[in-house]
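None of the values given here were measured: they were computed from a predicted structure. Each chain gets a letter, A, B and so on, in the order the sequences are listed, and its residues count up from 1.
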Protein chains: 2
Amino acid sequence: MAPTIHDVARLAEVSIKTVSNVLNDYPHVRPATKQRVLDAIATLGYTPNLTARGLRSGRTGLISLVIPDLRNAYFAELADTVMRAAEAQGLSVVIAQSGGERERELDLLRGTRARMVDGILFSALALGEQDHDVLAAVPRPLVLLGERVLHGPTDHVTMRNTEGARAATAHLLDQGRRRLVALGTTTGPAPGSAALRLEGYRQAHAAAAVPVDPALVVGVDGWFRSTGAAAVRDALSRGLTFDGVVAFNDALALGAMRVLQEAGRRVPEDVALIGFDDLDETRYSLPTLSTVDPGRQEIAEVAVRYLKERIDAGSAELPPRDHLTAFRVVVRESSSPVVAGATRPA
Amino acid sequence: MAPTIHDVARLAEVSIKTVSNVLNDYPHVRPATKQRVLDAIATLGYTPNLTARGLRSGRTGLISLVIPDLRNAYFAELADTVMRAAEAQGLSVVIAQSGGERERELDLLRGTRARMVDGILFSALALGEQDHDVLAAVPRPLVLLGERVLHGPTDHVTMRNTEGARAATAHLLDQGRRRLVALGTTTGPAPGSAALRLEGYRQAHAAAAVPVDPALVVGVDGWFRSTGAAAVRDALSRGLTFDGVVAFNDALALGAMRVLQEAGRRVPEDVALIGFDDLDETRYSLPTLSTVDPGRQEIAEVAVRYLKERIDAGSAELPPRDHLTAFRVVVRESSSPVVAGATRPA
DNA sequence: CTGAAAGCGCTAACAC
DNA sequence: GTGTTAGCGCTTTCAG
């Protein structure tokens, strides 16, 4: 049986209250007493029972992070960043995977497991504005990540999707490229980031007075390497001509890159490529992949801070907040400017 | 305030014991009573307080998974698989990152945070046999993953490292390749998988009666794409000749592949390449990467099962167990046999 | 089959 | 400064 606060108290010849005071850094404890307690803790190898503390205090120091899928590098890197930010605040993270399925996302929000955590960081994929009421009814502090559900009842932290896509698109248009594939619109019910990024793509074209050929807007069924590859393979076989690709995430871009190379298209000479997310591996592909860095660290830090503030606020109502992070266009080899003559549409 | 078991009891006009019986599927409850309780639970929206349950029962339904780093795709995929296996057993997973640092690994084993979990799945990187005593003193059920610390006081689940490396090496030797780089020995204190895989590399050479040139055994500082790339870049600049690479993980192999291609070496014609881990992305590189599938799902399922058994056994002593998973050599483009004439050492 | 009551280990009024 | 004591919400003997 693990030693309890009572064992420590007995050994140190004080009451349990004094032990508790020492443990919680209560200021008014005589140094000699404190030392006796500390010694007793050391000799017994006592560690507080966090479950008991959690029951008593209503806090467990645990938050959950709900993401679609860890195998997706973006979410793995997000989870990593969130865990570091959480640890800096003394919080541990329970990760739950939703698979991006709406029912599972809803279950995880309402679920009984949610009861042992102090708060939830939620990266929704399928949930939309229609679930406003479920979000509002979550019995725990909640901060939404990623998809921007405007005017929701909770905090949101996300990147400037539209502006990021606009900048990425402008980067290619500035090179004189004129037929840019927008890779990544989805047919799913949730508009989400895809619609916002497409809007940025359009805005950049409008600003450059370049018309958008609707045929260049290519849909996919999920943002994976495989779907990016399939979409580009299909586009090539349809005879679509293009000299650039704005992929809505890096996985799509990497899948596209592979197919383009197989088809004998040179990147970036024939087709320039830019993605979104700034995954680690974009630094290691051949060629290295240009991308939009969404400010992952800022997302994680702000989200954890918002959540912590809500947890600390207890039942006091905090107004919902929105935070949009700064993004950065990272130009690597896949979109580095090449000599003009090489950029004829493929 | 969230409703408690008392509120439910009051509304259903029964005692809290009866509510508890219903919640825990205690068999001898009259159907009518049970229904009344269920109705009361539904109207109040009651969910049990897991912290209280945890305090009382000594079980939280939480396990922790300690891994070096989620940004490493192998561990992200392992975490994904572990979480699915855990969920099937009704367990949630708290992930903690050790960074592969010994001090942090030790802290996580002894740490106070460990007190809220029922057990620990531990993927050690720096810990070795010298930490036998710490492992034995962990106050929770513990299952080790990955590195094979023989004769430890705990359960271990890992792949057949030596056999896997031997098979991978034999696969290249069988093609008539004779100068194979072993990429991934480490100078760190822990022998770990690197030594076992090197042993497999040697065994395959011995079995094929091919001498091993010590110059072909290439060390790295960590198993990343960057270190794999750097090591191969260095080998090429030293003028090392080789016609195959057995990389000790996929990240190393992918880094190596990039450098080889930059240097104008064709894969697999000039240099055949095989890795370890069967990462998702090995299916999407150009060329696709041959690899050794370590049986990740089996690792996760057995590890979670072992841990669950220890948790359920309570204080009853279970003897330490070892489980070695079945591996599989996955031949993809990077090591597909090519015409004999093309396989001259580079 | 159901109720009363104890207590898991801890924190925090409240006394002294 | 330190001790006493009452619960946090639940499970679980033990009666009935």
Between the first and last five pairs of the helix from C:dC1-D:dG16 to C:dC16-D:dG1, the angle of the axes, rounded to 10 degrees
40°
Value for CG (A:Asp80) from CD (B:Gln97), rounded to nearest 0.5 Å, stands at 4.5 Å
Listed partners of B:Glu309 passing salt bridge (charged side-chain N to carboxylate O under 4.0 Å, His left out), at least two apart
B:Arg305, B:Arg321
From B:Leu144 CG over to B:Leu127 CG, what is the distance, rounded to the nearest 0.5 angstrom?
7.5 Å
Sequence neighbours left out, cut at 3.5 Å: what donor-acceptor pairs do the side chains of residues 68-75 of chain A make with other protein atoms?
residue	atom	partner	partner atom	Å
A:Asp69	OD1	A:Arg71	N	2.8
A:Asp69	OD1	A:Arg71	NE	3.3
A:Asp69	OD2	A:Arg71	NE	3.4
A:Asp69	OD2	A:Arg71	NH2	3.1
A:Asn72	OD1	A:Tyr74	N	3.0

Applying side chain to side chain donor-acceptor pair (under 3.5 Å), can you list everything that pairs with B:Gln89, at least two apart in sequence or on another chain?
none
So A:Glu301 and A:Lys308, salt bridge (Lys or Arg N to Asp or Glu O under 4.0 Å) or not? Walk me through it.
CA-CA 10 Å; A:Glu301 279 168 4; A:Lys308 186 75 162 41; over 6 Å; no
To the nearest 0.5 Å, atom CG of A:Leu23 lies from atom OG1 of A:Thr47 at 10.0 Å
For a 4.0 angstrom threshold against heavy atoms of chain A, report the outermost contacting nucleotides of DNA chain C in 5' to 3' order.
C:dG9 to C:dA13
Generate the contact string for nucleotides 8-13 of chain D. Rules: B means base contact, S means sugar-phosphate contact only, - means no protein heavy atom under 4.0 Å.
BBBBBB
Considering residues at least two apart in sequence or located in another chain, which fulfil the side chain to side chain donor-acceptor pair (under 3.5 Å) criterion with B:Gln35?
B:Asp39
Mind checking side chain to side chain donor-acceptor pair (under 3.5 Å) for B:Asp131 and listing every partner two or more places apart, or none if nothing turns up?
B:Arg102
For B:Glu298, which residues count as a side-chain contact (heavy atoms from CB on, under 4.5 Å) partner, sequence neighbours excluded?
B:Val302, B:His323, B:Thr325, B:Ala326
Residues passing the side-chain contact (heavy atoms from CB on, under 4.5 Å) test with B:Ile16, sequence neighbours excluded, are B:Ile5, B:His6, B:Ala9
Kindly write out the residues that satisfy side-chain contact (heavy atoms from CB on, under 4.5 Å) with A:Glu13, not counting sequence neighbours, or none if the list is empty.
none
Below 4.0 angstrom, which residues in residues 29-44 of chain B have at least one non-hydrogen atom near DNA chain C?
B:Val29, B:Arg30, B:Thr33
